[in-house]
Student: 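First, the structure itself, so that you have it in front of you.
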Amino acid sequence: MIKITWNDYEFKVIQYGLGIFNSDIKGHRHSANSYELHYIVGGEGRLITETKEYKLVPGVFFVTGPDFYHQQNTSKETPLQEIYIYLLGSDKKSKNSLVTTFMNTTFYFGRVKKLKSYFEQIIKEDSEKRIGWENAIEGIILQLLVNVTRLYLPNSFEYSYENVNINDSRFLLIEQAFIEGDNNMTLTELSDKIGVCERQTQRLLKKYYGKSFKELKRG
């Protein structure tokens, strides 16, 4: 089994590969410390969460983490094709800010074409199995994790090895959402982005801003 050590935190690579969806994937949730990275390379379909539906087309990248409900429906005419990586983290708590941010983000969705090469390299290494292929895959996934976490953070984020409070990491995600989001962003969408329920999102907004979601939207 391939293992990834990222700033003293270990992930096991449980499964990876190129999947073609000849039928829908019923709704499910991942277990604690489990993360699946998906990159759509062909076909089309729909990702269904508890609060929203998303269109799946080539170039879409999304992450589904612990206890995040999701279902994937595929087109019968043009079946979905995706490259996926299933990671299981250890029970150990990380003191690293990047790892903490990745672990704390239970859902991400976007069109991120620059990540495609990482997924394709993993499949290439696995199919050819040249000497050192497992080490090569370890290195590619480590680079991928760093670049995925960069998507979650504002450009002004400063890297630190110090222990980061989980809610402080969520604060960074909230900051990014309000900076980069549009005026139509809903409380549900913000809650999905930071991986907590709407009630907890409101509590965090009160803690960091002293305002409710509606008050912040009004500026």
Side-chain angles (χ1 to χ4, degrees), residues 1-21 30-42 47 56 58-66 68 70 72 80-164 166 169 172-173 176 193 195:
M1 178 180 291
I2 296 175
K3 296 181 180 179
I4 310 297
T5 301
W6 183 22
N7 295 321
D8 297 322
Y9 186 84
E10 184 178 274
F11 285 100
K12 295 178 181 178
V13 183
I14 302 299
Q15 193 176 34
Y16 62 89
L18 172 62
I20 300 175
F21 292 73
H30 296 310
S31 62
N33 300 327
S34 298
Y35 298 81
E36 191 166 18
L37 283 62
H38 313 250
Y39 193 93
I40 306 301
V41 294
L47 173 68
L56 298 177
V60 162
F61 167 73
F62 65 100
V63 178
T64 49
F68 185 85
H70 58 291
Q72 285 173 257
L80 269 177
Q81 298 179 45
E82 72 166 25
I83 300 174
Y84 61 90
I85 305 169
Y86 195 106
L87 303 173
L88 177 62
S90 70
D91 292 330
K92 170 185 173 183
K93 297 294 183 183
S94 175
K95 294 182 179 180
N96 179 267
S97 54
L98 291 181
V99 176
T100 300
T101 299
F102 177 83
M103 298 290 287
N104 186 51
T105 306
T106 58
F107 180 64
Y108 175 86
F109 183 95
R111 296 194 65 145
V112 194
K113 292 185 178 180
K114 65 182 180 181
L115 297 181
K116 183 180 181 181
S117 62
Y118 294 107
F119 286 89
E120 291 180 332
Q121 287 175 54
I122 290 168
I123 298 302
K124 185 174 186 290
E125 288 288 346
D126 181 72
S127 64
E128 295 179 353
K129 288 187 169 55
R130 298 172 62 192
I131 186 169
W133 67 274
E134 289 181 311
N135 300 122
I137 288 177
E138 290 172 14
I140 296 166
I141 293 179
L142 182 56
Q143 291 181 65
L144 179 60
L145 288 174
V146 171
N147 280 281
V148 168
T149 306
R150 286 173 174 170
L151 296 173
Y152 301 162
L153 296 169
N155 292 332
S156 59
F157 176 76
E158 295 185 3
Y159 181 78
S160 172
Y161 281 93
E162 296 178 0
N163 190 15
V164 175
I166 289 179
S169 292
L172 292 172
L173 298 176
Q176 183 185 33
K193 186 175 181 64

Student: Going by side-chain hydrogen bond (donor to acceptor under 3.5 Å, both in side chains), name the residues that satisfy it together with Asn33, two or more places apart in sequence or in a different chain.
Tutor: Asp91
Student: Check the pair Asn104 / Tyr152 against side chain to side chain contact (heavy atoms under 4.5 Å, CB included), numbers first and verdict last.
Tutor: CA-CA 10 Å; Asn104 186 51; Tyr152 301 162; over 6 Å; no
Student: In chain order, what residues pass the ring pair (Phe, Tyr, Trp, His ring centres under 6.0 Å) check against Tyr9, with sequence neighbours excluded?
Tutor: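 Ring pair (Phe, Tyr, Trp, His ring centres under 6.0 Å) check on Tyr9 returns Phe11.
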Student: Which atom pair, heavy atoms only, marks the closest approach of Ser34 to Tyr86?
Tutor: CB-OH, 3.4 Å
Student: Walk me through whether His30 and His70 qualify under side chain to side chain contact (heavy atoms under 4.5 Å, CB included).
Tutor: CA-CA 9 Å; His30 296 310; His70 58 291; 3.4 Å; yes
Student: Atom CD in Glu10, atom OG1 in Thr5: separation rounded to 0.5 Å?
Tutor: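 Rounded to the nearest 0.5 Å, the CD-OG1 separation comes out at 5.0 Å.
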Student: So do the side chains of Leu153 and Arg150 get within less than 4.5 Å of each other, counting heavy atoms only?
Tutor: no
Student: Nearest 0.5 Å please: distance from the CG atom of Leu88 over to the CD1 atom of Ile4.
Tutor: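 If I round to the nearest 0.5 Å, the distance is 12.5 Å.
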Student: Which residues pass the ring pair (Phe, Tyr, Trp, His ring centres under 6.0 Å) test with His38, not counting sequence neighbours?
Tutor: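 Partners of His38 under the ring pair (Phe, Tyr, Trp, His ring centres under 6.0 Å) test: Phe62.
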Student: Closest approach of Leu145 and Thr149, non-hydrogen atoms and distance?
Tutor: O-OG1, 2.8 Å
Student: Could you give the distance from OH (Tyr84) to CD (Glu36), rounded to the nearest 0.5 Å?
Tutor: 8.0 Å
Student: Can you see which heavy atom on Pro66 is nearest to which on Ala32, and at what distance?
Tutor: CB-CA, 4.1 Å
Student: Looking at Lys92 and Asp8, what are the two nearest heavy atoms and their distance?
Tutor: NZ-O, 2.8 Å
Student: For the CZ atom of Arg130 and the NZ atom of Lys124, what is their distance to the nearest 0.5 Å?
Tutor: 6.5 Å
Student: Apply side chain to side chain contact (heavy atoms under 4.5 Å, CB included) to the pair Leu87 and Leu37, showing each step before the final yes or no.
Tutor: CA-CA 8 Å; Leu87 303 173; Leu37 283 62; 4.3 Å; yes
Student: Would you indicate whether the side-chain heavy atoms of Ile14 and Met1 approach each other to under 4.5 Å?
Tutor: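 The answer is yes; the side chains approach within 4.5 Å.
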Student: For residues 108-122, run the donor-acceptor check on the side chains, cut-off 3.5 Å, and write out each pair with its distance to 0.1 Å, sequence neighbours left out.
Tutor:
residue: Arg111; atom: NH2; partner: Pro58; partner atom: O; Å: 3.0
residue: Tyr118; atom: OH; partner: Asn147; partner atom: ND2; Å: 3.1
residue: Gln121; atom: NE2; partner: Ser117; partner atom: O; Å: 3.3

Student: After noting the C-alpha distance and the side-chain angles of Ile141 and Trp6, does the key distance pass the side chain to side chain contact (heavy atoms under 4.5 Å, CB included) rule?
Tutor: CA-CA 10 Å; Ile141 293 179; Trp6 183 22; over 6 Å; no
Student: Just how far is it from atom CD of Glu82 to atom CG of Leu18, taken to the nearest 0.5 Å?
Tutor: 9.0 Å
Student: Sequence neighbours excluded, which residues qualify as side-chain hydrogen bond (donor to acceptor under 3.5 Å, both in side chains) partners of Ser127?
Tutor: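 Expected list: none.
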Student: To the nearest 0.5 Å, what is the distance between CD1 (Ile2) and CG (Asn135)?
Tutor: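 One finds 9.0 Å between CD1 of Ile2 and CG of Asn135.
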Student: Among residues at least two apart in sequence or on other chains, which ones pass ring pair (Phe, Tyr, Trp, His ring centres under 6.0 Å) with Tyr35?
Tutor: Phe102
